[in-house]
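This report refers to the structure that appears directly beneath it.
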Amino acid sequence: MRVNISRRRIKDPFVKKVEELSGQNLLACYQCGKCSAGCPAVSQMDILPNQIIRLAQLGLKEELLESKAIWVCASCMTCNTRCPKGINIAEVIEAVRLILLRKSKDHLIVKELSAEERAQVPPIALISSMRKFTS
Ligand code: SF4
Ligand code: SF4
């Protein structure tokens with residue numbers, strides 16, 4: 001992924017909003033990668049959980065809001081338990097989803113899945129999808 005980092009982006013209100021909604025200090029992350037190493041959904045993600053945190057730190061909101069990974073995350077909290085800095089990564093991802101959902105955007109529309117697709121989707125993915133609309 002090629003990105004342009006700038007002071008303007010880092011100061012973008014988006015960064016503050018993610019921190020406010022998640023209650024996390026994004027700059028505490030030092031990119032050790034432990035969150036990604038333990039994530040059970042990582043094989044289906046286009047960017048890793050630690051990269052999600054990095055994009056949020058740098059205010060690279062377009063890249064983050066367009067990622068598939070924020071919707072693949074099942075909110076299992078494994079990453080939270082592994083972070084040596086005590087960052088709740090799952091809450092950060094939830095905050096990013098909330099920002100999109102407030103704009104009425106979603107990646108997985110359960111009712112639009114065929115019966116065959118629904119049978120293949122892990123139950124936790126369906127439950128998480130519902131949970132996204134009730135937070
Ligand atoms: S485990 Fe914590 S400190 Fe390490 S990359 Fe993930 S969020 Fe950052
Ligand atoms: S909460 Fe999401 S990012 Fe964290 S380990 Fe679970 S699936 Fe992966």
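In each ligand, atom 1 is the first atom listed, and ligand 1 is the first ligand listed.
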**OP:** Start with the C-alpha distance between Asn88 and Glu94, add both sets of side-chain angles, then the distance that settles side chain to side chain contact (heavy atoms under 4.5 Å, CB included), and finish with yes or no.
**Re:** CA-CA 10 Å; Asn88 290 337; Glu94 176 71 1; over 6 Å; no
Is a donor on one side and an acceptor on the other found under 3.5 Å between the side chain of [X] and the backbone of [Y]?
X	Y	answer
Gln44	Ala41	no
Glu63	Leu55	no
Glu19	Leu26	yes
Asn50	Ser36	no

**OP:** Please say whether more than 12 non-hydrogen atoms of neighbouring residues, nucleotides or ligands are located less than 6.0 Å from CD in Glu116.
**Re:**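 It does not: Glu116 CD has 12 such atoms or fewer within range.
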For [atom], closest protein heavy-atom neighbour:
atom	value
atom 7 (S) of ligand 2	Ala74 N, 3.4 Å
atom 6 (Fe) of ligand 2	Cys76 SG, 2.3 Å
atom 2 (Fe) of ligand 2	Cys73 SG, 2.3 Å

Closer than 4.0 Å to some heavy atom of [X] - which atoms of ligand 2 meet that?
X	result
Pro40	5 (S)
Thr78	5 (S)
Cys39	3 (S), 5 (S), 7 (S), 8 (Fe)
Ala90	1 (S)

Original post:
Which protein atoms of type N, O or S are found under 2.8 Å from atom 6 (Fe) of ligand 1?
Top reply: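 Short answer, with waters excluded from the count: Cys35 SG.
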**OP:** Start with the C-alpha distance between Arg97 and Ser75, add both sets of side-chain angles, then the distance that settles side chain to side chain contact (heavy atoms under 4.5 Å, CB included), and finish with yes or no.
**Re:** CA-CA 11 Å; Arg97 284 195 299 254; Ser75 303; 3.0 Å; yes
Original post:
Looking only at heavy atoms, which two atoms of Pro49 and Val42 are closest? And how far apart?
Top reply: CD-CG2, 3.9 Å
**OP:** Answer side chain, backbone, both or neither: which part of Ile93 comes under 4.0 Å from ligand 2, heavy atoms only.
**Re:**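 The side chain, only.
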Original post:
Numbering the atoms of ligand 1 from 1, which are under 4.0 Å from a heavy atom of Tyr30?
Top reply: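 Listed by number with element: 3 (S).
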**OP:** Taking only heavy atoms of Pro84 into account, list the atoms of ligand 1 that are under 4.0 Å away from them.
**Re:**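 This gives 1 (S) as the contact atoms.
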Original post:
With Glu62, which residues qualify under salt bridge (charged side-chain N to carboxylate O under 4.0 Å, His left out), at least two apart?
Top reply: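 By the salt bridge (charged side-chain N to carboxylate O under 4.0 Å, His left out) rule, Glu62 matches Arg9.
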Subject >> side-chain contact (heavy atoms from CB on, under 4.5 Å), paired with Cys79, selected from Ile89, Val92, Ile93 >> reply: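 With Cys79 as partner, Ile89, Val92, Ile93 yield a single side-chain contact (heavy atoms from CB on, under 4.5 Å), made by Ile89.
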Subject >> Side-chain heavy-atom pair Met45, Cys39 within 4.5 angstrom cut-off >> reply: yes
